[in-house]
Amino acid sequence: MGKMTKRRLGNSVISAFLLIGVIFVPIGLASLSASKEIVELVDRYDTSCVSVADKVGFIQNSKTDKTCTRTLTVPRHMKSPIHIYYQIGDFYQNHRRYVKSRSDKQLRYKEAAHLTKDCEPEGNTADGAPIVPCGLIAWSLFNDTYTVSVNKKAVEVNKKDIAWQSDKNNKFGSNVYPSNFQKGNLIGGAKLNESIPLSEQEDLIVWMRTAALPTFRKLYGRIETDIMENDQLTVVIQNNYNTYSFGGSKALVLSTTSWIGGKNNFIGIAYLTIGGLCIFLAVVFIVLYMIKPRYVMFPRV
Ligand SMILES: *[C@@H]1O[C@H](CO)[C@@H](O)[C@H](O)[C@H]1NC(C)=O
């Protein structure tokens, strides 16, 4: 009697391991192959785009020409839509003081423009007028720009719908307009067009969804035509943003997409590892079972 129950329990454990294995291994393989299909180009440009030794001085000088041309050869056919991201390294957007330096009420409601308490030192102008959008996050808005051409022909970069629809609808007001923004002595980043409501300022909305990790990518725009293998891709960069003073980095990323999102082998490998381990354990149990059925689940009976 006792022996029977043990054996049945053992069987169900083995079946569970097998089942997980049989489900996870194909998911892992599918994820890996989707990730392998994705074509991704990463071009770090912050160092190459400033040839002088005093990089901080160069970037802070408003008179220097910040134009920088990068040429890349496309290794494989890239199917549209091709996403363009900027990638910043060693930028602590998750720093406690930084991440709290914003006013969500102000971003959403016209009447809340004066709620700048959490935004210091970017809350109010020198003469006390509220800055909209206030705070360090908005103030440090990324301001490099990219124009793209393929085989010397200009290609349109669509910057519409780069932000989450829910952010546009619920977090940024359609009747809230920028004011007093980036007017101080120290310019932190991009300026905003004051005739466009915050709900339509998609670069800002993307930027304000702060990244949890110090190296992050943010969507810049999309190219809606295919690019062929061996095409010459030229990107003219306005290299404005100052990552030099804190030792950060900047890279341009072009990537095709699939159901798995961007290029990412980790998900596939994780599924394969877990699935493979389960099948391995199931096999081990089966073998042990055949040798000594009694000791499989309860070695200390
Ligand atoms: C871009 O941002 C930097 C700070 O990162 C600032 O010094 C510069 O003036 C800004 N340039 C433009 C053109 O917005």
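Order of appearance sets the numbers: ligands from 1, and atoms from 1 within every ligand.
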Original post:
Among protein heavy atoms, which sits nearest to atom 5 (O) of ligand 1, and what does the distance come to when rounded to 0.1 Å?
Top reply: Asn242 N, 3.0 Å
Original post:
What part of Asn143 sits under 4.0 Å from ligand 1 if we count only heavy atoms: the side chain, the backbone, both or neither?
Top reply: side chain
Subject >> Intermediate values then yes/no, ring pair (Phe, Tyr, Trp, His ring centres under 6.0 Å), Trp207 and Phe172 >> reply: CA-CA 13 Å; Trp207 181 254; Phe172 293 79; over 10 Å; no
Original post:
Counting each atom of ligand 1 from 1 as listed, which ones have a heavy atom of Tyr241 under 4.0 Å away?
Top reply: 5 (O)
Original post:
Should the pair Lys218 and Phe216 be classed as cation-pi, given the thresholds of under 6.0 Å to the six-membered ring centre and 45° from the axis?
Top reply: yes
**OP:** Apply disulfide bond (SG atoms under 2.5 Å apart) to Cys49 and list each qualifying residue two or more places apart in sequence or on a separate chain.
**Re:** Cys68
Original post:
Which residue and non-hydrogen atom of the protein lie closest to atom 4 (C) of ligand 1, and at what distance in Å?
Top reply: Gly188 O, 3.3 Å
**OP:** Considering only non-hydrogen protein atoms, determine which one is nearest to atom 7 (O) of ligand 1 and report residue, atom name and distance to 0.1 Å.
**Re:** Ile187 O, 3.7 Å
**OP:** Could you please spell out the steps behind the side-chain contact (heavy atoms from CB on, under 4.5 Å) verdict for Thr215 and Ile88?
**Re:** CA-CA 6 Å; Thr215 295; Ile88 305 186; over 6 Å; no
Original post:
Checking Lys66 against Phe58: charged group under 6.0 Å from the ring centre and within 45 degrees of the axis?
Top reply: yes
